[in-house]
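Below is one structure, written out as structure tokens, with a few remarks after it.
Just so we're on the same page: letters track the sequence lines, and every chain starts at 1. Since the structure is predicted, the reported quantities are computational estimates derived from the model, not experimental observations.
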Number of protein chains: 2
Amino acid sequence: MAIFSSRSEYGVRLMVELGRQEAERPVSLKAISEAENLPLAYLEQVVALLRKADLVKSARGAHGGYWLARPADQITMDEVVAALDGAVAPMECFAPTGGDDRILCSHKADDGTGCSTKMLWTRVQGGVISSLKRTTLAELVEFSRRNTREPSTVAA
Amino acid sequence: MAIFSSRSEYGVRLMVELGRQEAERPVSLKAISEAENLPLAYLEQVVALLRKADLVKSARGAHGGYWLARPADQITMDEVVAALDGAVAPMECFAPTGGDDRILCSHKADDGTGCSTKMLWTRVQGGVISSLKRTTLAELVEFSRRNTREPSTVAA
DNA sequence: GTTATCCCGACCGCAGTGGTAGGATTTAGA
DNA sequence: TCTAAATCCTACCACTGCGGTCGGGATAAC
């Protein structure tokens, strides 16, 4: 089964593309959609999620576009994925409760026995989150730069 | 977003329930469905996946039922989850290729740049799999026994 | 005013999921 | 030998979310 939707894939690619450009210099979605060969109309929806999560900033009008809200080395991938696919939970019954980072499993709330499976899902969740938290956007940008011969879509 | 479907939840609960019984003694699905309050007809589909993966054995007819194919401490949860939800992959484009445990990302095969996101998904996948591999069914059974039969010893 | 761009909401086909229905087959036991 | 209990199998269904499109509105540069 797939852990993340391709919204996440698209969103991460988009963020990497923004990270390759100079800060504060707006990049149009059209440029990104052509560089990464992704459907523009769908990217609009994806980038809207990133904007709501304060990960990117935008400018409207001609010569507008998007840029990173923070330096790439201060953006961890758990934020990005959370913005796109929601809070990472191994099961639907793992719902974040308010401001705490507590989780509860609704299945066994009635008979009070407590999930024996909860331990497992908690471990898995921990594995995913720690993997995401220790990866910064800057790392991906660096990786992307190394693997592309040309500085790609700059200029324009 | 949810990593696993509730098929996995049901299947793990089922496995734990089997692990609580003596080995080789068949347990009927009906008993499990009543104990765990899960729909019997759906459990039949779930347990069929576990049987195909050689994780449980079965006996038909009156007084038939299911039991673990191996001792619980020799069953790791990555096997169980794989049987229920398929191979764990962070993205759809991570497909197991034949007998190898190689993975490939189809998105960037054409322009040859290689996924910058691939590094991220590989890390996540590693986090999930290692969490699953280091958890045995025996641990969950033990956890379940402590939390249901002995309310007095519950601490913390 | 034109053009480029962000922004927004509605819509759609598809696949997968959780779940049901109904029966066929096998076996233990009266 | 009959019956009840159980596995097994196949088809079906409603719902949801996802990937994606479309049309249009707002806004800013030139």
Side-chain angles (χ1 to χ4, degrees), chain A residues 1-14 18 21 25-34 36-53 55-67 69 81 84-87 89 91-93 106-107 156, chain B residues 1-14 18 21 25-53 55-67 69 81 84-87 89 91-93 106-107:
Chain A
M1 96 260 47
I3 299 180
F4 300 113
S5 66
S6 36
R7 261 206 315 272
S8 282
E9 172 80 14
Y10 290 11
V12 171
R13 303 255 284 275
L14 200 156
L18 293 185
Q21 313 297 322
R25 167 126 164 269
V27 182
S28 75
L29 266 199
K30 193 177 174 211
I32 293 181
S33 90
E34 285 168 358
E36 294 278 333
N37 198 26
L38 301 176
L40 171 65
Y42 190 43
L43 273 189
E44 288 186 355
Q45 289 181 51
V46 170
V47 80
L49 297 170
L50 295 170
R51 193 174 44 87
K52 277 176 203 152
L55 289 168
V56 306
K57 294 198 175 299
S58 63
R60 307 176 70 165
H63 303 123
Y66 298 90
W67 61 93
V81 166
L84 296 163
D85 268 348
M91 301 291 307
E92 289 89 353
C93 65
S106 58
H107 279 169
Chain B
M1 98 260 49
I3 300 179
F4 301 112
S5 66
S6 36
R7 263 207 313 274
S8 281
E9 172 80 14
Y10 289 12
V12 172
R13 302 255 285 273
L14 201 155
L18 292 185
Q21 311 297 321
R25 166 124 165 269
V27 183
S28 77
L29 268 199
K30 193 177 174 210
I32 292 180
S33 91
E34 286 169 356
E36 294 277 334
N37 198 26
L38 302 175
L40 172 64
Y42 190 42
L43 274 189
E44 289 186 356
Q45 291 182 46
V46 170
V47 80
L49 297 171
L50 296 170
R51 193 171 46 86
K52 279 176 201 153
L55 289 168
V56 306
K57 292 195 176 302
S58 63
R60 305 178 69 167
H63 302 122
Y66 298 89
W67 63 94
V81 166
L84 296 163
D85 268 348
M91 299 292 306
E92 288 89 352
C93 65
S106 58
H107 280 167

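Atom NZ of B:K30 and atom CD of B:E44 lie 12.5 Å apart (nearest 0.5 Å). Atom CG of residue A:L14 and atom CD of residue A:E9 lie 11.5 Å apart, to the nearest 0.5 angstrom.
Atom CD1 of A:I32 is separated from atom P of C:dT5 by 12 Å (rounded to the nearest Å). The distance from atom OH of A:Y42 to atom P of C:dC8 is 17 Å, rounded to the nearest whole Å. If you take NZ of A:K57 and P of C:dC7, they are 12 Å apart, rounded to a whole angstrom. The nearest whole Å value for the distance from the CG atom in A:L38 to the C1' atom in D:dT21 is 15 Å. Protein atom NE2 of B:H63 is 12 Å distant from nucleotide atom C1' of C:dA30, rounded to whole Å. Nucleotide C:dG18 holds its P atom 8 Å from the OH atom of B:Y10, rounded to whole Å. Across the protein-nucleic acid pair, B:L18 atom CG and D:dA6 atom P stand 15 Å apart, rounded to whole Å. Rounded to whole Å, the distance from CG on A:L40 to P on D:dG23 is 14 Å.
Comparing D:dA6, D:dC9, D:dC18 by their closest approach to the side chain of B:R51 singles out D:dC9.
For B:S6, a side-chain nitrogen or oxygen approaches OP1 or OP2 of C:dG18 to under 4.0 Å. Contact annotation: B:R60 does not reach the phosphate of D:dC9 (side-chain N/O to OP1 or OP2, under 4.0 Å). Side-chain N/O atoms of B:R7 include one lying less than 4.0 angstrom from OP1 or OP2 on C:dT17. For C:dC7, one of the phosphate oxygens OP1 or OP2 lies less than 4.0 angstrom from a side-chain nitrogen or oxygen of A:S58. Residue B:Y66 has a polar side-chain atom (N or O) positioned under 4.0 Å from OP1 or OP2 of D:dC8.
Looking at A:E44, its side chain comes within 3.5 Å of the base of C:dC8 through a donor and an acceptor atom. With hydrogens and angles left out, the side chain of B:Q45 and the base of C:dT20 share a donor-acceptor pair within 3.5 Å.
Each of A:I32, A:V46, A:L43 was compared with A:L38 under the side chain to side chain contact (heavy atoms under 4.5 Å, CB included) criterion, and only A:L43 meets it.
A donor-acceptor pair is defined here as one N or O able to donate and one able to accept, closer than 3.5 Å; such a pair exists between the side chain of A:S28 and the backbone of A:A31. Side-chain atoms of B:D85 do not come within 3.5 Å of backbone N or O of B:R7 as any donor-acceptor pair.
Comparing A:A41 and A:A62 by the nucleotide of DNA chain C whose heavy atom lies nearest to each, the residue mapping closer to the 5' end is A:A62.
Using a 4.0 Å heavy-atom cutoff across all strands shown, A:A48 reaches no nucleic acid atom at all.
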